[in-house]
Protein chains: 2
Amino acid sequence: MSLAGRPTSKDVAQEAGVSQSTVSLVLGGKWAGRVSPATAHSVRGAAERLGYRPNQAARNLRLGTTRTVLLMVPTLSAPFFGPVYTGAARAAARHGFAVVVSTWPDDAVGPADSPFAAPDEAIDGILASSMAVEALGGFRDTPAVMLDSGPAGERVPTVDFGVADGMRAIAAHLAGLGHRRIGHVGAAVDQWTFHARGGALASAVAALPGGVLTRATCAIDVTSAKEAAGRLLDAPDRPTALVCDDDLIAAGAYKAARARGLDIPADLSVTGFDDVLLATALEPELTTVRLPAEELGAQGMATLLDLLSGGRPSPRVLPGELVVRESTAPPGA
Amino acid sequence: MSLAGRPTSKDVAQEAGVSQSTVSLVLGGKWAGRVSPATAHSVRGAAERLGYRPNQAARNLRLGTTRTVLLMVPTLSAPFFGPVYTGAARAAARHGFAVVVSTWPDDAVGPADSPFAAPDEAIDGILASSMAVEALGGFRDTPAVMLDSGPAGERVPTVDFGVADGMRAIAAHLAGLGHRRIGHVGAAVDQWTFHARGGALASAVAALPGGVLTRATCAIDVTSAKEAAGRLLDAPDRPTALVCDDDLIAAGAYKAARARGLDIPADLSVTGFDDVLLATALEPELTTVRLPAEELGAQGMATLLDLLSGGRPSPRVLPGELVVRESTAPPGA
DNA sequence: CCGGACGGGTAATACGTATGACTGAACGGC
DNA sequence: GCCGTTCAGTCATACGTATTACCCGTCCGG
């Protein structure tokens, strides 16, 4: 039991020859004009010597707080959300906050009814990723920050990726290579980020002289993606480039292309989105947009902590970055 | 603040017309012979009606416990550990426990000095994955369960994968296809699981009539793996099959093979280990050994909870499963 | 008819912290 | 020389729970 026998503020008080209240005042930083600098110093010394760490349970009880925030993500088994967690947890730890994770139930499209959705312990705030603000449900009046979920009105702060810019960068890159007939393999997932990706691509291609966009959607898995990409490739006047909503979808597109004897990038350019580990494991390596997932978690947590301490954080947008690798080339190269 | 205004045991007591102690007795389940069934029933009814949830902070303070366990993993950014967390958290949640994660610092080979290693809050137990029991360091006398870390002596329970059996299954599969010259692309990582994998493969090939094993090691990333696999392929009498310690390493082997104009599986069979998402995204799909990562987390947590409640859990081993896909075939097929 | 046992419940307390109310000494102003 | 202030702390209390010690009425054995 790493709790037993730990020094308490009372022990520190005794060691320093002061009262427990003084210890609490000093260590809480609220001693301006109440405790002499000399006393404060000796208290700090005593605390240091004893290796005093405040008992969080007692502090939480007293303050009616928990120093715990809930991170709601669709899953931790997808490659994207691990880093989000890491970034959030790291930022939280610096402020003495813990992070508990709630994932959506398997095969669910939203967080509702998750066995995780309402952890027994109370929480101070929520970091909710990739979901509509309405889905907060019972947590409506808990301070929350929405991640990668798009604009959410005045009431709740957001941190998003600049996915539209990212998609425009892809479109510009392909256009620059000479592509005009572009296929979009979209994720059939009702999340802001995918709507934004699709919308940005559509308008970018529409603005391109001679641009033609075809479109198919699929679930975010290789099999489904392969099938959807195949539909686009089998159409008359097939596209010379496939823009995929996600790296994993791009992997499916690779398979569809190979099954038809098309070489990437000579016969077909393919792009992904997110830049997960997979992107460099594929062959050829995937041109994609890198989204700073860990940064999303970190900035989200910073925003939430700001909110919790009474701030009025403004929305933030983290730019994606086009990473050109080997899967794109001029058409017919 | 989802804490404010929550009903307390005192509120329940009032609602039920009994004292707070009675409520605590009933809800704690320790009322045998102290409270009449009728009263107990009415207390439960009142608690239900008010939606009472005990305040964890108060309970923790009283009991000197935290209902929090620490999960130590190398990283959450690798595809393998997300599911481990999920399994552990799910099992923990069922018993009202929370899980906080500590990852190793970037580029570290062990958990030492991690900013996460000593979260401020105290913990009741530790689930430590993929590390030597000695590395527990300052947590030596906290109840702990080692995951995927090999035998750890009498004092600390373990949950491991049957990696040796898995590797033997791979060897048998390849031998059955007719392979004799086998290359091992090993992970140059000082973890039990990789030592076990290498050892099992070595003895399996040694036991194979005419079996020849060559070996190269690398870090667990595509570039490094490609280089290591290349060394094996460039040797005289190159192997007809490459056994990789990890799916990601197999991805590197694919690249090395392609760079040399070798077709998989016609000219070269390749196997992986772990069966992460990547395995089916590759082309051809990867023959590998599936390790039930989520199950590891779940069983590990079950073991830890058992330990915490005074049990003496015995070591468990979770079998891996050979998944034959498209990357293996008879040599020269 | 009395004492003890027992069933059914309550009162009181401690866990460790943060904080508002209070106190005693020194000191300055008039 | 006395009072109001400030300084430097301390006292007491509350947060919500679990548990130990106690209490009261009833029933039963002798």
Side-chain angles (χ1 to χ4, degrees), chain A residues 1-44 46-47 50-67 96 120-122 124 309, chain B residues 1-44 46-47 50-67 96 120-122 124 309:
Chain A
M1 219 56 81
S2 105
L3 260 180
R6 263 172 42 156
T8 73
S9 59
K10 209 177 295 181
D11 297 325
V12 176
Q14 187 158 21
E15 169 87 7
V18 299
S19 75
Q20 180 267 333
S21 353
T22 304
V23 172
S24 187
L25 286 178
V26 170
L27 268 33
K30 319 218 158 142
W31 51 284
R34 316 231 332 173
V35 178
S36 75
T39 307
H41 186 77
S42 96
V43 166
R44 270 196 256 275
L50 267 43
Y52 169 71
R53 320 248 72 183
N55 180 321
Q56 286 291 342
R59 155 178 282 178
N60 290 344
L61 176 57
R62 176 71 233 259
L63 295 179
T65 196
T66 65
R67 298 219 130 213
D120 252 9
E121 55 190 326
D124 287 345
S309 55
Chain B
M1 219 55 82
S2 107
L3 260 180
R6 261 169 47 154
T8 73
S9 59
K10 209 177 295 182
D11 297 327
V12 176
Q14 187 160 21
E15 169 87 8
V18 299
S19 75
Q20 181 267 334
S21 356
T22 304
V23 172
S24 187
L25 253 8
V26 170
L27 266 33
K30 319 217 157 144
W31 52 284
R34 317 231 334 170
V35 178
S36 75
T39 307
H41 186 77
S42 96
V43 166
R44 272 197 254 275
L50 295 177
Y52 169 71
R53 321 248 72 186
N55 179 321
Q56 287 291 343
R59 153 177 283 177
N60 290 344
L61 176 58
R62 177 70 232 261
L63 296 179
T65 194
T66 65
R67 288 197 100 80
D120 251 10
E121 55 189 327
D124 288 344
S309 54

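Each chain gets a letter, A, B and so on, in the order the sequences are listed, and its residues count up from 1. A quick note: this is a predicted structure, and the numbers were derived from the prediction, not measured.
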Judged by nearest nucleotide, the residue sitting upstream toward the 5' end of DNA chain C, B/A58 or B/G33, is B/G33

Can you name the residues that form a side-chain hydrogen bond (donor to acceptor under 3.5 Å, both in side chains) with B/S9, not counting sequence neighbours?
B/Q20

Which nucleotide in D/dA8, D/dT17, C/dC15 has an atom nearest any side-chain atom of A/S36
D/dA8

Could you name each residue pair satisfying side-chain hydrogen bond (donor to acceptor under 3.5 Å, both in side chains) that touches residues 26-38 of chain B, not counting sequence neighbours?
B/S36-B/T39

Give the rounded distance in Å between these two atoms: CZ of A/R34 and P of C/dA21.
11 Å

Separation of D/dT17 P from A/L61 CG (nearest whole Å)
9 Å

As an exercise, state the distance from OG of B/S24 to CZ of B/R59, rounded to the nearest 0.5 Å.
8.0 Å

Who are the side chain to side chain contact (heavy atoms under 4.5 Å, CB included) partners of B/A46, not counting sequence neighbours?
B/V12, B/E15, B/A16, B/R49

Please tell me which of the listed nucleotides, C/dG16, D/dT19, C/dG9, lies nearest to the side chain of B/L63?
D/dT19

Ordered by number, residues from residues 18-31 of chain A within less than 4.0 Å of DNA chain C (heavy atoms) are A/Q20, A/S21, A/S24, A/L25, A/K30

How close or far is atom P of D/dT10 from atom CD of A/Q14, stated in whole angstroms?
13 Å

In whole angstroms, how far is the C1' atom of C/dG16 from the CG atom of B/N55?
14 Å

Can you measure B/R59 atom CZ to D/dC15 atom C1' for me and round it to whole angstrom units?
16 Å

With sequence neighbours left out, write down each residue that passes side-chain hydrogen bond (donor to acceptor under 3.5 Å, both in side chains) with B/S21, or none if nothing qualifies.
B/S19

What pairs with B/A58 under side chain to side chain contact (heavy atoms under 4.5 Å, CB included), at least two apart in sequence or on another chain?
A/L61, B/N55

Please determine, for the side chain of A/T39, which listed nucleotide (C/dG9, D/dG9, D/dT17) has the closest atom?
D/dG9

In whole angstroms, the gap separating C1' of C/dT17 from CZ of A/R6 amounts to 13 Å

Could you tell me which residues satisfy side-chain hydrogen bond (donor to acceptor under 3.5 Å, both in side chains) with A/S42, sequence neighbours excluded, listed by chain and number?
none

Tabulate protein N/O versus nucleotide N/O from nucleotides 23-26 of chain C, keeping only pairs under 3.5 Å, one per line.
none

For the CG atom of B/N60 and the CZ atom of B/R67, what is their distance to the nearest 0.5 Å?
8.0 Å

With sequence neighbours excluded, tell me which residues meet side-chain hydrogen bond (donor to acceptor under 3.5 Å, both in side chains) with A/T8.
none

Please report, rounded to the nearest Å, how far the C1' atom of C/dA12 is from the NZ atom of B/K10.
12 Å

